[in-house]
*Asks:* 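Can you read through this structure? Questions will come right after.
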Amino acid sequence: MRNGRYYAILWADRGDGTKAARRFPLLDESGTPIRGLQAARDALDAVKAKRVDGALPQSGIKPPFDDFAAFYLQMQSTRTKKHGTQQNEAQAIARWKTHFGRTRIDRLTTPAIKAFIESRMRGCVLAGRKYEPASPRTAKLDLIALSNVLKAAVDAGHLRDRPRLPTIKVPPAPRRHLMTPPQFEKLLAACTGKKPNGEAVTKNGGQLQDYLQFLAFTGAREKEALPTKWTHVDFDNARVFIGAPPDFEATTLTIGTGGISKNHGCRAVDFNPQLEALLADMHSRRSPDSVFLFPSPRRGEQDIPAKSLRESLRLAREHAGLPNAGFHDLRHIFISHAVMAGIDFMTTAEWVGHKDGGILIGKVYGHLLDEHR
């Protein structure tokens, strides 16, 4: 006993392969220090049983959560994730750091974690910033970021087991309705349309029109398509390379793995008649001072691709009366029409950069076959 509290002193593993006499506080089931002798004897037996099972807490001072979270963000395994993933994870971890502060990582409890998730879903203020109520999906992403930090803490020897994380039920996303050809044509027309006062709907409507067609005819993701260069277009072999690195030359006929696509790869999409006609037309009127298919309208003396066309899309879709139209809808157009054309799922998966051999395409788009038949 020390200062009125009971401890067990046992010969136990220090956590580094050596053994020494270690002191373990005797606590009841609620984590409160035991004050009675008989209860202390019972608790001592429980600690001895943990020693036999190898379940004693490891020795050494554990780092505060915010310190280890900062270390986690600098780990090589974390830094190899996509830049956007790293940013999202860092933002979620910053919220957890505000909540936990200097709490030791081995002192994090399920109730404290659950309290944060509930406050996020109600809406809360963290570090002076007001957060609106988060959706179940957003709250679950915060929980995944925390789980990654705790898993790294287990691997680093700071934790034996992660605290139990609350379960968040995320309702399934509503099935995305396929944009019909008339709707697509209406959206394209809106790009170069005029407002009632005669003003253009958007200043770069022609470029947006080309971009939307390029997405629909290649199945490329929004951020993959913007940096595409004319050297990535292989007219001789009727294909275009998506996610190619900056120094990639289509004429080398080599598909690399160090690309900029979602899976860090580079893939080739074979021409279909619409894509071939679009690229031929775009090539005939390309900007002579840019190597990009979609050069930034504000590039000045620099030759850089457009950073984003989202604001232009917002204006065009409002003018077209299609408020929910998004860039990803055009990827769905490409995949759906490939399915309805009878192209095998594996080939389509290679075109759009799926690594599952077509499983996702068959699961998500297979239902279109019955409608098409």
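Keep in mind it's a predicted model, so treat the numbers as computed, not measured. Every heavy atom of this structure was used, including side-chain atoms; hydrogens, water molecules and symmetry mates were not.
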*Asks:* Please determine which of V240, L226, L330 meets the side-chain contact (heavy atoms from CB on, under 4.5 Å) test together with F214.
*Replies:* V240
*Asks:* Please answer whether the main-chain N or O of D289 pairs with a side-chain N or O of S287 as donor and acceptor at a distance below 3.5 Å.
*Replies:* no
*Asks:* Would you please test Q86 and R79 for side chain to side chain donor-acceptor pair (under 3.5 Å) and show each step?
*Replies:* CA-CA 7 Å; Q86 292 184 51; R79 294 174 65 85; 5.4 Å; no
*Asks:* For atom CZ of R35, is the number of surrounding heavy atoms from other residues, nucleotides or ligands below 6.0 Å larger than 12?
*Replies:* yes
*Asks:* Once the angle between the rings of F116 and W96 is folded into 0 to 90°, is it parallel (under 30°), tilted (30 to 60°) or perpendicular (over 60°)?
*Replies:* tilted
*Asks:* Look at the side-chain heavy atoms of Ile, Leu, Val, Met, Phe, Trp and Tyr, link any pair under 4.5 Å apart, and say whether I242 and F292 land in one connected group.
*Replies:* no
*Asks:* Could you walk me through whether E276 and N272 pass side chain to side chain donor-acceptor pair (under 3.5 Å), step by step?
*Replies:* CA-CA 6 Å; E276 185 171 19; N272 50 64; over 6 Å; no
*Asks:* Between T231 and V291, is any pair of side-chain heavy atoms under 4.5 Å apart?
*Replies:* no
*Asks:* So if you build clusters from Ile, Leu, Val, Met, Phe, Trp, Tyr with side-chain heavy-atom gaps below 4.5 Å, do I333 and L360 land together?
*Replies:* yes
*Asks:* If you apply the rule side chain to side chain contact (heavy atoms under 4.5 Å, CB included), what do you find for T202 with E311, and how did you get there?
*Replies:* CA-CA 9 Å; T202 177; E311 179 60 20; over 6 Å; no
*Asks:* Taking only Lys NZ, Arg NE, NH1 and NH2, and the carboxylate oxygens of Asp or Glu, determine whether R267 and E224 approach each other closer than 4.0 Å.
*Replies:* yes
*Asks:* Please report the closest heavy-atom contact between R221 and R331, naming both atoms and the distance.
*Replies:* NH2-NH2, 3.2 Å
*Asks:* Would you say F334 and M340 are hydrophobically clustered, going by side-chain heavy atoms of ILVMFWY under 4.5 Å?
*Replies:* yes
*Asks:* Do R239 and D270 meet the salt-bridge criterion of a basic N to acidic O distance under 4.0 Å?
*Replies:* no
*Asks:* So how far is it from L279 CG to T228 OG1, rounded to the nearest 0.5 Å?
*Replies:* 9.5 Å
*Asks:* Do the charged groups of D155 and K151 touch, with an N to O distance under 4.0 Å?
*Replies:* yes
*Asks:* Taking all non-hydrogen atoms of both residues into account, name the closest pair between K62 and R104 and its distance.
*Replies:* O-CG, 3.5 Å
*Asks:* Cation-pi between R120 and Y131: NZ/CZ under 6.0 Å from ring centre and within 45° of the ring axis?
*Replies:* yes
*Asks:* For the CD atom of E132 and the CE atom of M121, what is their distance to the nearest 0.5 Å?
*Replies:* 14.5 Å
*Asks:* For the pair L187 and L212, evaluate side chain to side chain contact (heavy atoms under 4.5 Å, CB included) and give the outcome as yes or no after the intermediate values.
*Replies:* CA-CA 9 Å; L187 181 62; L212 295 180; 4.0 Å; yes
*Asks:* Is there side-chain contact between E318 and P323, with heavy atoms separated by less than 4.5 Å?
*Replies:* no
*Asks:* Same hydrophobic cluster for F217 and L309, using side-chain heavy-atom links shorter than 4.5 Å among ILVMFWY?
*Replies:* yes
*Asks:* When you look at H99 and C124, which way does the side chain to side chain contact (heavy atoms under 4.5 Å, CB included) test go after all the steps?
*Replies:* CA-CA 11 Å; H99 179 67; C124 60; over 6 Å; no
*Asks:* Working to the nearest 0.5 angstrom, can you tell me the gap between L165 CG and L143 CG?
*Replies:* 5.0 Å
*Asks:* Taking a hydrophobic cluster as the set of Ile, Leu, Val, Met, Phe, Trp and Tyr residues connected by side-chain heavy atoms closer than 4.5 Å, whether directly or through intermediates, do L10 and M1 fall within one such cluster?
*Replies:* yes
*Asks:* I'd like to check I335 versus W351 (side-chain heavy atoms, cut-off strictly below 4.5 Å). Are they in contact?
*Replies:* no
*Asks:* Taking all non-hydrogen atoms of both residues, which atom of P133 and which atom of R122 are closest, and how far apart?
*Replies:* CG-O, 3.3 Å
*Asks:* Can you give me the closest heavy-atom contact between A43 and L27, atom names plus distance?
*Replies:* CB-O, 4.4 Å
*Asks:* Taking side chain as C-beta onward, heavy atoms only, is E185 less than 4.5 Å from L188?
*Replies:* yes
*Asks:* Side-chain contact test, heavy atoms from C-beta onward, threshold under 4.5 Å: evaluate it for P295 versus Q207 and give yes or no.
*Replies:* yes
*Asks:* Closest heavy-atom contact between R299 and S290?
*Replies:* NE-CB, 4.1 Å
*Asks:* Should F271 and N237 count as side-chain neighbours, where that means a heavy-atom distance under 4.5 Å?
*Replies:* no
*Asks:* Counting distance only, does the side-chain N/O of T80 pair as donor-acceptor with the main-chain N or O of S77 below 3.5 Å?
*Replies:* yes
*Asks:* Does R285 come within less than 4.0 Å of D210, counting only side-chain N to carboxylate O?
*Replies:* yes
*Asks:* Step by step, would you call R22 with W11 a side chain to side chain contact (heavy atoms under 4.5 Å, CB included)?
*Replies:* CA-CA 6 Å; R22 293 176 53 194; W11 192 253; over 6 Å; no
*Asks:* I want to check something: taking the side chain as every heavy atom from C-beta on, are R102 and D66 in contact at a cut-off of under 4.5 Å?
*Replies:* yes
*Asks:* Return yes when atom CD of Q302 has more than 12 non-hydrogen atoms of other residues, nucleotides or ligands closer than 6.0 Å, and no otherwise.
*Replies:* no
*Asks:* Should we count CE of M282 as having more than 12 external heavy atoms under 6.0 Å?
*Replies:* yes
*Asks:* Counting C-beta onward and ignoring hydrogens, is there a side-chain heavy-atom pair between L150 and I105 closer than 4.5 Å?
*Replies:* yes
*Asks:* In Å and rounded to the nearest 0.5 Å, what is the CD to CG distance from E350 to D344?
*Replies:* 8.0 Å
*Asks:* Got a salt bridge between K81 and E89, using NZ or NE/NH1/NH2 to carboxylate O under 4.0 Å?
*Replies:* yes
*Asks:* Between H354 and F345, is a ring pair (Phe, Tyr, Trp, His ring centres under 6.0 Å) present by the stated rule, with each step listed?
*Replies:* CA-CA 10 Å; H354 287 180; F345 293 167; over 10 Å; no
*Asks:* Might you point out which heavy atoms bring A225 and A220 nearest each other, and give the distance in Å?
*Replies:* CB-CB, 4.1 Å
